[in-house]
Each structure stands twice: as structure tokens, then as C-alpha cells.
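Each remark here refers to the structure printed beneath this line.
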Amino acid sequence: MPPSLYLNRPSKAPKRPLAFNEIMEINTNRLAAFGPHVHHILLQNRTSEEIRRVLDYCPNVQSLSLWIIHGQCQETLLPALEDFARRRVLKLLSFDPSQFFQMFDDVVPIPFAQLAFSGLTHLEIINATSSWVKWAQIADMPHLTHLAMSAWRNRTEFILMVLKECKFLQLIILFETDGFGNDTTTHDVAAAGLESWREDQRVVVLPPVMDHLDDWEIGARGGWDFWAAAERAKKDRL
């Protein structure tokens, strides 16, 4: 997969998000011109240094997706996330925390209880595991109301503990991204021993999201992405 950078501007922007494919160098002149107006960013298959350069030019980003990051993230990217938190700008983050922190052991907690994540209301975890020990600090995120997770099978402990410990959680969204599991609301939930989910209005199991990148672009343009679909599904059940 070639390095990719996707940036989305608000309503006065072109119809499609600005996209740079197979470009090794980031055009800082263009970023300096439109960066302050950018609200939605997806950075994929980039180094942490490149990501930091982009974020430095985009101080008002509200939704940030970091997919497949290369390099040291804590020293490079945490200061940018902390700045967003101080200014109460960033609300949605989609990333792989294990890769971000280089913490792949299920007995080592991911450090969510820190300034960088304190302002988030929406979190999408990529490559979650079942161990609650690893993810327990999610419960310490003071403003988290929406949690999304793909590939949710065999994550029973994690999901049940989220429902128990995350006091302010309004919605947990579960879906697949590989086309597997179209009957997730029936057979798979029962097979996992999680029939109690049917009684919890916070849980929404969506059909597979076949193209995660396309879904992100739809949402960045104000369209019907999986976040919006989950909100509607919850309302329809009430």
C-alpha cells in the first residue's frame, strides 16, 4: 500500500477531500494555506514525523484517524494530541493504541488516563484484544460517550467490562470490516454468550463496513457513516 494522506476541508472546500496518493513529500505550502480550515484528517501508512508535520499545520482538527503508523509515536505525536486537548479541539480519534504505544502485551495497560485523550468523546479502537487489564483506563476518559470497535468477536471480556465500567458511555458500536458476519445481531451474539446485550440500549451491532476508507470519506463530508448509522439504530430501538 502506498503512503496516503487524506484531508477534508469544511463546506467551502471541493466536493471530495483533498487526497495525495503515492506522494512521499507533504506539500507544506498547501498545508499552510488551508490547514487552519481542516476539520477531518485521515493519515494512513505514514511515519510519525510526517503526521506531526501535518498536525502542526492543522490546529483545528476535530476528527483524526491514524491508520498504520511507522516510527516512534509517543515522543512525536503525544504533544500534538495534548495541545488539541488543552484547546478542546479534537473530539474523535481512530487508531491502533497497541501500535501507537508499542504495547502489545495484554497485561500492560494502554495509558488512556492522560491529557492527550481527556477531551475525546468518540474513540475507535483498531485491533482491540479481549483483555480488560490492557484497556481498563478507557474508563478514566472523562468525556468518552461513543466507542467503536471492529473485529469484535472473541472480545467478550473487554466489551462486558466497558459496559460495566464506562459510566458515561452512551454507545458502543461493533462491526466487521471483512464482510464476515452478516447475522451478528442473532447467531453470533448468542454464540458468544452475550444475550444480555439485547437488553442494553447502548450496544449496536452493525452490518459489515466493507470499505473503511470510503466510510470515513462519507462521514468527513457529512454523510451517512457508521457513526451515524449506529446513532439511528439506537434511536430506532428506543
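Any value given below was found using the heavy atoms of this structure, including those in side chains, with hydrogens, waters and symmetry copies removed.
Atom CZ of R87 sits in a crowded spot, with more than 12 heavy atoms from other residues, nucleotides or ligands closer than 6.0 Å. Within a 6.0 Å sphere centred on CZ of F168, other residues, nucleotides and ligands contribute 12 heavy atoms or fewer. Summarising the local packing, CD of Q102 is surrounded by more than 12 heavy atoms from other residues, nucleotides or ligands at distances under 6.0 Å.
Contact detail for C166 and R202: the closest heavy-atom pair is O-NH1, 3.9 Å. Residue P59 comes nearest to G35 through the heavy atom pair CD-O, 4.2 Å, listed as atom of the first residue, atom of the second, then distance. The two residues P97 and I126 make their nearest non-hydrogen contact at CD-O, 3.9 Å. Considering every non-hydrogen atom in both Q201 and K234, the closest pair reads O-CG, 3.5 Å. Across C73 and F100, no two heavy atoms sit closer than the pair CB-O, 3.3 Å.
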Kindly indicate, with the supporting measurements, whether the criterion side-chain contact (heavy atoms from CB on, under 4.5 Å) is fulfilled by L174 and L206.
-> CA-CA 6 Å; L174 309 173; L206 293 177; over 6 Å; no
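When atom types are taken as modelled, the side chain of T76 and the backbone of E49 share no donor-acceptor pair closer than 3.5 angstrom. Of the possible donor and acceptor atoms, one in the side chain of S48 sits under 3.5 Å from a partner among the backbone N and O of Q72. With K134 contributing its side chain and M103 its backbone, the two residues share a donor-acceptor pair below 3.5 Å. Remark: the backbone N or O of F226 is paired with a side-chain donor or acceptor of D215 at under 3.5 angstrom. Put simply, the side chain of W216 never gets that close to the backbone of L42: no donor and acceptor are under 3.5 Å apart. Under the 3.5 Å distance criterion, the side-chain polar atoms of R46 are left unmatched by any main-chain donor or acceptor of L66. Panel note: side chain Q62, backbone K91; no donor-acceptor pair is recorded below 3.5 Å.
Between the side chains of E50 and H70, no donor-acceptor pair of N or O atoms lies under 3.5 Å. Inspection of the E124 and S94 side chains reveals an N or O donor paired with an N or O acceptor under 3.5 Å.
Atom CZ of F158 sits about 9.5 Å away from atom CG of L163, to the nearest 0.5 Å. L147 CG to I172 CD1: the interatomic distance, rounded to the nearest 0.5 Å, is 5.0 Å. A distance of 6.5 Å separates CG of L64 from CZ of F84, quoted to the nearest 0.5 Å. Summarising the geometry, atom CG belonging to L55 is positioned 5.5 Å from atom CD1 belonging to I41; distances are rounded to the nearest 0.5 Å. Summarising the geometry, atom OG1 belonging to T47 is positioned 12.5 Å from atom CZ belonging to R52; distances are rounded to the nearest 0.5 Å. From D96, atom CG reaches atom CD1 of I68 across 9.5 Å, with rounding to the nearest 0.5 Å.
Ion pair R221/E217 flagged as a salt bridge, since at least one NZ, NE, NH1 or NH2 atom sits closer than 4.0 Å to an Asp/Glu carboxylate oxygen.
Under the 4.5 Å side-chain contact rule for hydrophobic residues, V108 and I110 share a cluster. Cluster membership for M141 and V133, using ILVMFWY side-chain heavy atoms within less than 4.5 angstrom, is not shared. I218 and W227 fall into different hydrophobic clusters, defined by Ile, Leu, Val, Met, Phe, Trp and Tyr side-chain heavy atoms under 4.5 Å apart, directly or through other members. Hydrophobic clustering of Ile, Leu, Val, Met, Phe, Trp and Tyr side chains at less than 4.5 Å, counting indirect connections, unites F34 with I51.
Taking the side chain as every heavy atom from C-beta outward, T121 and L92 never approach each other to under 4.5 Å. Between H37 and N60, the closest side-chain pair of non-hydrogen atoms is not below 4.5 Å.
Taking the six-membered ring for Trp and the full ring otherwise, H212 and W67 have centroids separated by under 6.0 Å.
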